[in-house]
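First the structure, in the form of structure tokens, and then the observations on it.
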Amino acid sequence: MGMITITFIQPDGAQTVATAKPGGSLMQAAVDHGVKGIIGECGGSMACATCHCHVDSGWRNRTGAMSPGEADMLELSADEVRPESRLACQITLTPELDGLVIRLPEQAGT
Amino acid sequence: MKVVVVGAGQAGAAAAARLRALGHQGPIVVIGDEPLPPYQRPPLSKRYLLGEIAPDRLFLRSQAFWADQGVELLLDHQAVAIDRARREVRLRGGVIAYDALILATGSEPRQLPSSIGGALPNVHSVRRVADIDRLAPQMVEGRRLLVVGGGYIGLELAAVARKLGLDVTVVEAAPRILGRVAAPETANFIRNLHQANGVLFIEDVELERLTGDTAVTGARLADGREIAADLAVVGIGATPATALAEASGLEVDNGIVVDEYGRTSDPVIWAAGDCALLPFRGQQIRLESVQNAIDQGEAVAANILGANVPYVPKPWFWSDQYDLKLQIAGLNLGHDRVVVRPVPNPSHWYFAGDQLLAVDALGDARAYMIGKRLIEASRTADPSVLADPAADLKALL
């Protein structure tokens with residue numbers, strides 16, 4: 001069964017390539033691979049906004065719609081919010097996301 | 001320097017991972033009494049109980065992570081004693097030497113005494129994966145669940161049980177549910193939500209005993225009422241796991257006593273998470289929350305390596321019940337009034353004089369995030385803005 005490959009790109013250009021099974025969250029894949037900047041303090045409950053990421057253009061129509069309340073959480077996250085901002089815990093990895101590119105926002109205070 | 005961590009839960013995992021992240025090269029051994037690598041507990045009473053996720057989705061890190069980081073996990077091992085003079089942890093059938101020791105033993109669910117039926121079959125606690133593996137097959141549509149205790153565990157279980165089609169009765173000995181942790185305004189909102197979903201509440205009555213012989217059949221209350229049930233879940237609080245610390249002579253008092261750095265009464269022994277009693281605003285408290293377990297575990301790791309940074313908890317908490325996300329920031333201990341934001345998804349703001357202490361946000365993520373920001377910055381909020389449904393809370397920042 002196909003694993004999903006995700007490339008995480010840090011503000012300084014450093015990359016981490018992660019592979020994960022479909023069905024899990026993007027946040028979990030990031031945490032499993034120690035991707036800096038994705039913390040997921042609340043374990044994916046959309047209660048902390050520490051899994052804030054930017055979905056690269058071209059992928060945004062495949063990552064699904066925002067969850068109710070997600071926009072509110074993002075708006076008030078500490079990091080730079082952009083139109084492509086999502087909470088990684090709210091993105092479920094599907095086969096269409098194989099090759100997904102994610103950028104990490106500049107982190108305030110770290 | 002060899003660091004040994006007793007406890008492979010949220011705090012133990014956070015401490016071990018942080019030690020490596022800070023550049024510590026010496027050996028790290030994490031001892032856990034469950035046969036699973038460190039995992040997150042909150043989904044146990046929610047998605048895991050509903051059967052929506054497998055155990056490996058609970059793991060805090062992949063198995064490979066610990067190996068890659070050179071952290072040795074000794075799983076399914078019980079630490080039986082600490083020999084502080086020799087600086088050794090004794091396991092059944094082995095001894096592990098330490099230079100620094102972190103106690104992250106967590107807390108245990110309080111049990112009803114067996115003299116009043118607490119040990120009857122089909123009476124369940126909620127703490128470990130194994131507890132839920134035993135409970136889940138019993139959560140069958142049409143069965144009657146008795147929930148003893150109207151705290152977060154009980155309420156989350158009630159919500160899941162209703163979703164699965166069980167009849168649910170919640171019995172709470174205190175005058176109202178969530179009495180220890182939230183104002184009447186919050187308790188009322190939560191009670192209404194559960195009642196709208198068909199849960200029956202009995203508050204302000206003590207449980208006399210659970211009834212049954214070969215399995216639990218219900219309960220008898222102090223006022224003589226009998227409740228019939230097919231299974232029971234007991235959520236009446238947790239006690240810190242301090243036996244190991246106490247037996248070794250460390251200072252213990254409803255928790256392993258630590259200073260603001262997380263150090264116990266022994267200079268090379270530290271404690272973090274549910275088991276620790278720490279200083280906060282002039283008092284000694286325990287904080288049973290994921291956030292504290294992580295933050296205090298990380299603080300202890302840094303301080304073991306000489307950072308000397310006091311740990312200041314940022315208490316926040318959440319609970320998912322039905323479609324409601326209850327989010328709480330701050331500690332409302334010592335509040336003298338509650339300001340209600342009167343919107344369909346209300347928030348309840350706790351003040352002591354002019355000082356904003358905490359907020360309960362009931363399905364309003366914005367209110368929660370704004371409140372959290374203010375509380376963490378020790379700023380206050382204008383009650384007239386909070387109480388005005390038309391006002392944008394962002395103006396408070």
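Just so it is clear, the structure is predicted and the values come from calculations on it, not from any experiment.
Comparing B:Ile370, B:Leu60, B:Asp68 by heavy-atom pairs within less than 4.5 Å of chain A, the highest count is held by B:Ile370. For the set B:Ala17, B:Ala21, B:Ala361, B:Ser62, the count of heavy-atom pairs under 4.5 angstrom toward chain A peaks at B:Ser62. The candidate with the highest count of non-hydrogen atom pairs below 4.5 Å against chain A, out of B:Arg57, B:Gln69, B:Gln63, B:Lys372, is B:Arg57.
B:Asp56 is listed as a side-chain neighbour of A:Lys21, based on a closest heavy-atom distance under 4.5 Å.
No more than 12 heavy atoms of other residues, nucleotides or ligands sit less than 6.0 Å from atom CD of B:Gln25. Around CG of B:Asp323, the count of heavy atoms belonging to other residues, nucleotides or ligands within 6.0 Å does not exceed 12.
Closest heavy-atom contact between B:Leu397 and A:Leu76: CD1-CD2, 3.9 Å. Of all the heavy atoms in A:Gly69 and B:Ala365, the pair that sits closest is O-CB, 4.1 Å. The heavy-atom pair separating A:Asp32 from B:Arg61 by the smallest distance is OD1-C, 4.0 Å.
A salt bridge between A:Asp72 and B:Lys394 is absent, with no side-chain N of the basic residue lying under 4.0 Å from a carboxylate O of the acidic one.
Between the side chain of B:Lys325 and the backbone N or O of A:Ser45, at least one donor-acceptor pair lies under 3.5 Å.
Proximity to chain A is absent for every atom of B:Asn345, based on heavy atoms less than 4.5 angstrom apart. Neither the backbone nor the side chain of B:Lys46 comes within contact range of chain A; no heavy atom of the residue lies under 4.5 Å from a heavy atom of that chain. Heavy atoms of B:Phe59 lying under 4.5 Å from chain A belong exclusively to its backbone.
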Practice problem: Given side-chain contact (heavy atoms from CB on, under 4.5 Å), test B:Met369 with A:Glu75 step by step and report yes or no. | Solution: CA-CA 9 Å; B:Met369 290 297 272; A:Glu75 191 192 333; over 6 Å; no

Self-check item: Worked check of side-chain contact (heavy atoms from CB on, under 4.5 Å) between B:Gln327 and A:Met73
Solution: CA-CA 12 Å; B:Gln327 295 166 301; A:Met73 294 294 290; 3.9 Å; yes

